[in-house]
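First the structure, in the form of structure tokens, and then the observations on it.
When reading the values below, keep in mind they use all heavy atoms of this one structure, side chains included, and skip hydrogens, waters and symmetry mates. Chain identifiers are assigned alphabetically (A, B, ...) following the order of the sequence lines, protein sequences preceding nucleic acid strands; residue numbering begins at 1 within each chain.
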Amino acid sequence: MAFEKVKRSENYSEWYNNLVKNADMAEHADVKGCMVIKPYGYAIWEKMQAQLDKMFKKTGHVNAYFPLLIPKSFFEKEEKNAEGFAKECAVVTHYRLKVDENRKIVVDEDAKLEEELIIRPTSEAIIWNTYKGWIQSYRDLPILINQWANVMRWEMRTRLFLRTSEFLWQEGHTAHSTSDEAIAETKQMLDVYAEFAEKFLAVPVIRGVKTENERFAGAVETYCIEGLMQDGKALQMGTSHFLGQNFAKAFDVKFQSKEGKLEHVWATSWGVSTRLIGALIMAHSDDEGLVLPPSLAPIQVVIVPIYRSDEERQKVEAAAEQIKLKLEDLDLSVKFDNRDTYKPGYKFAEWELKGVPVRIAIGPRDIENGTVELARRDTKEKSVTSIDGIDLHIKNLLNEIQSAIYERAKLFRDQSIHTVNSWDEFKEVLETKGGFISAHWDGTGETEEKIKELTKATIRCIPLDNIEEEGKCVLTGNPSKQRVLFAKAY
RNA sequence: CGGGGUGUAGCGUAGCCCGGUAUCGCGUCUGCUUUGGGAGCAGAAGGUCGUAGGUUCGAAUCCUGCCACCCCGACCA
């Protein structure tokens with residue numbers, strides 16, 4: 001393994017890329033913009049999935065699966081949605097290849113599709129086309145479905161996990177009989193995302209509403225959670241959309257109400273993706289490697305044995321195995337790294353690189369004393385602890401680490417929200433400090449665009465807990481009723 | 001997609017300007033010694049020089065196309 005050290009402070013994106021590769025999470029595939037998610041990275045995704053899935057089910061949702069391919073005509077039905085994604089859609093035009101006279105594989109022009117198929121960039125179209133057949137009466141509502149899937153958006157510039165052409169995600173698509181119920185669902189799922197981000201990813205997020213410019217194509221309102229990465233850039237970590245009756249109207253999905261009236265169905269959609277793995281990396285990791293929150297770490301505890309002779313090795317391994325069993329009884333995932341081919345120092349560095357929250361080192365000295373050496377990844381603190389009661393001790397330590405990294409991220413985030421009142425200040429803070437900028441905005445798309453043009457900062461959101469406050473737009477000086485959060489974003 | 005850069009063994013690189021069959025480090029393999037923070041010594045294996053063409057007696061080196069990646073823009077979860 002190449003332990004190439006690039007510091008966060010020197011080149012943040014190189015640091016990020018090296019980390020993803022060195023920690024063995026993913027690599028670029030030989031397909032433009034696509035990545036191979038390697039077992040260690042995928043294990044993190046599986047843990048995320050398991051937890052989110054549990055939360056979705058707890059809020060009454062069920063899973064289903066819809067096709068990858070969407071007929072172009074379906075896709076066109078909701079104009080705004082189609083327009084919003086048009087520039088990044090992969091299109092299937094043929095269904096067969098053949099071997100030509102040069103023994104090369106070529107597209108068989110005789111196998112051209114009557115109607116092109118779009119590889120889903122998102123599934124509203126195919127799902128609402130399907131829901132049309134499922135909904136006749138208010139008794140058929142609500143429909144609360146989630147799907148775990150891959151989608152494809154032909155991005156110009158990709159980055160491992162943060163933006164790849166193909167990515168994995170979940171998308172919830174719900175149908176409701178009233179606007180209020182759909183809005184409540186939208187907000188509920190936003191809360192689920194926020195809770196997941198903060199409790200499991202240990203990344204503090206700001207809940208907010210997107211401006212019209214930043215809204216999902218086809219939505220009436222887009223809610224989001226925004227996180228802050230260590231380089232001061234914001235990352236949209238999840239969105240929940242109130243779709244109004246836009247898709248119901250586009251796909252002619254009506255239901256008969258209790259009163260016997262025909263009405264269009266109200267809709268929501270919400271999603272989070274493998275981008276969250278990127279968030280996890282960028283929010284917590286350091287120059288030594290990954291720092292994973294215990295609740296999502298594929299390996300929570302690693303045990304590294306230390307020995308000289310075979311005799312010592314046997315004793316140490318026996319003790320290590322026992323500790324492993326004890327920890328596993330508490331449902332912790334434990335790796336006993338008994339490879340004889342690497343020295344302890346190497347293993348220490350490797351598991352630090354991979355972000356394992358707690359490391360146990362156990363050697364002859366410990367066997368004599370009935371102790372082990374514990375090292376926590378987040379603070380790099382080491383301590384000697386008695387083997388007696390170590391299982392509970394570690395369980396508590398993991399909880400402590402979970403909250404410590406959250407608190408650290410929160411402190412950083414809170415310190416990175418800057419309130420500014422003038423355009424000069426806005427520019428200066430953005431350039432020198434980064435982070436979120438809380439500033440007055442006149443509410444127009446033009447001003448938002450202009451600011452983006454001038455500074456590359458966008459309005460990340462209008463926070464849900466915003467306080468009404470009279471002020472003047474930081475750019476135009478026009479009257480404003482509230483502050484919004486600006487930032488440079490991924 | 002626009003501007004700039006890079007591509008040589010699993011990884012990182014020298015060589016390129018000025019054409020003559022590829023350097024070094026890490027890693028890998030074998031053996032011995034080691035093992036509480038990335039081990040030492042000895043030996044060995046490993047290369048279509050991103051790719052497709054072109055120029056040339058001869059191309060990693062010169063020319064052209066393409067691809068990928070990085071940095072800066074535009075686009076975006």
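In this structure, A/Phe216 has its ring center at least 6.0 angstrom away from the ring center of A/Phe242. Aromatic ring centroids of A/Phe486 and A/Phe426 lie under 6.0 Å apart.
Set against B/C69, B/G37, B/G36, the side chain of A/Ile306 has B/G36 as its closest nucleotide. Distance from the side chain of A/Lys452 is smallest to B/C75 among B/C75, B/G37, B/G36. The side chain of A/Pro364 lies closest to B/G36 when the candidates are B/C75, B/C70, B/G36. The side chain of A/Ala361 lies closest to B/G36 when the candidates are B/U35, B/G37, B/G36. Listed nucleotides: B/G36, B/A74, B/G37. Nearest to the side chain of A/Glu373: B/G36.
Taking the P atom of each, B/U34 and B/U48 are spaced 40 Å apart, rounded to whole Å. Look at the C1' atom in both B/G36 and B/G25: the space between them is 28 Å, to the nearest Å. Comparing the same atom, C1', in B/A59 and in B/A52 gives a spacing of 15 Å after rounding to whole Å. Taking atom C1' on both B/G12 and B/G73, the two are 30 Å apart, rounded to the nearest angstrom. B/C26 and B/A45 have their C1' atoms separated by 16 Å, given to the nearest Å. Separating the C1' atom of B/G46 from that of B/G5 is a span of 30 Å, rounded to the nearest Å. Comparing B/G20 with B/C62, their C1' atoms sit 15 Å apart, to the nearest whole Å. Comparing the P positions of B/A39 and B/G50 gives a spacing of 33 Å, expressed to the nearest Å.
The CD1-C1' distance, from A/Ile362 to B/G36, rounds to 12 Å in whole Å. In this entry the distance linking CZ of A/Phe167 with C1' of B/C75 reads 14 Å, nearest Å. Distance, A/Asn22 CG to B/G10 P: 17 Å, rounded to whole Å. Rounded to whole Å, the distance from CZ on A/Arg159 to P on B/C69 is 13 Å.
Across all strands, A/Leu235 comes closer than 4.0 Å to no nucleic acid atom at all (heavy-atom distances). Among the atoms of the strands shown, base atoms are found under 4.0 Å from some heavy atom of A/Asp366. No contact: A/Arg313 has no heavy atom under 4.0 Å from any strand. No contact: A/Ser309 has no heavy atom under 4.0 Å from any strand. Within 4.0 Å of A/Lys380, counting heavy atoms only, lies no atom of the nucleic acid at all. As judged by a 4.0 angstrom heavy-atom cut-off over every strand, A/Lys347 is placed among residues making no nucleic acid contact. Residue A/Glu155 is in base contact, counting any heavy-atom pair closer than 4.0 Å across all strands shown. Within 4.0 Å of A/Thr239, counting heavy atoms only, lies no atom of the nucleic acid at all. Looking at heavy-atom distances under 4.0 Å, A/Tyr342 makes contact with sugar-phosphate atoms alone, never a base.
No N or O donor and acceptor, one from the side chain of A/Lys343 and one from the base of B/G40, sit under 3.5 Å apart. A/Arg308 contributes no side-chain N or O that forms a donor-acceptor pair with the base of B/G36 under 3.5 Å. One can find a donor-acceptor pair under 3.5 Å joining the base of B/G37 and the side-chain atoms of A/Glu352.
The side chain to side chain donor-acceptor pair (under 3.5 Å) test with A/His241 singles out one residue from A/Thr222, A/Thr268, A/Thr186, and that residue is A/Thr222. Evaluated for a side chain to side chain contact (heavy atoms under 4.5 Å, CB included) with A/Ile281, the options A/Met25, A/Gln230, A/Met229 yield exactly one hit, A/Met25. Under the salt bridge (charged side-chain N to carboxylate O under 4.0 Å, His left out) rule, A/Glu352 has a single partner from A/Arg359, A/Arg377, A/Arg376, A/Lys380, which is A/Arg359.
For the atom pair A/Glu78 CD and A/Asn129 CG, the distance stands at 13.5 Å (nearest 0.5 Å). Atom SG of A/Cys89 sits about 9.0 Å away from atom CZ of A/Arg153, to the nearest 0.5 Å.
When side chains are defined from C-beta on, A/His61 counts as touching A/Met189, because their heavy atoms get closer than 4.5 Å.
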Completion exercise
Intra- and inter-strand pairing of RNA chain B, written as dot-bracket with Watson-Crick and G-U pairs under 3.5 Å and | for the latter, reads ((((((((.[[[..)....(...]]].((((((.....)))))).....[[[[[..)....]]]]])))))))....
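We find that A/Arg207 and A/Asp465 are not joined by a salt bridge, their nearest charged nitrogen and carboxylate oxygen being 4.0 Å or further apart.
Heavy atoms from other residues, nucleotides or ligands lying under 6.0 Å from CH2 of A/Trp169 number more than 12.
Within the 4.0 Å cut-off from OP1 or OP2 of B/C69, not a single side-chain nitrogen or oxygen of A/Asn17 is found.
Remark: A/Lys233 qualifies as a cation-pi partner of A/Tyr490 under the 6.0 Å distance and 45° angle criteria applied to the six-membered ring.
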Below 3.5 Å, can you tabulate the donor-acceptor pairs from side chains in residues 427-437 of chain A to any protein atom, sequence neighbours excluded?
from	atom 1	to	atom 2	distance (Å)
A/Thr432	OG1	A/Glu428	O	2.7

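Near-neighbour residues of RNA chain B inside residues 195-213 of chain A, defined by a heavy atom below 4.0 Å, are absent.
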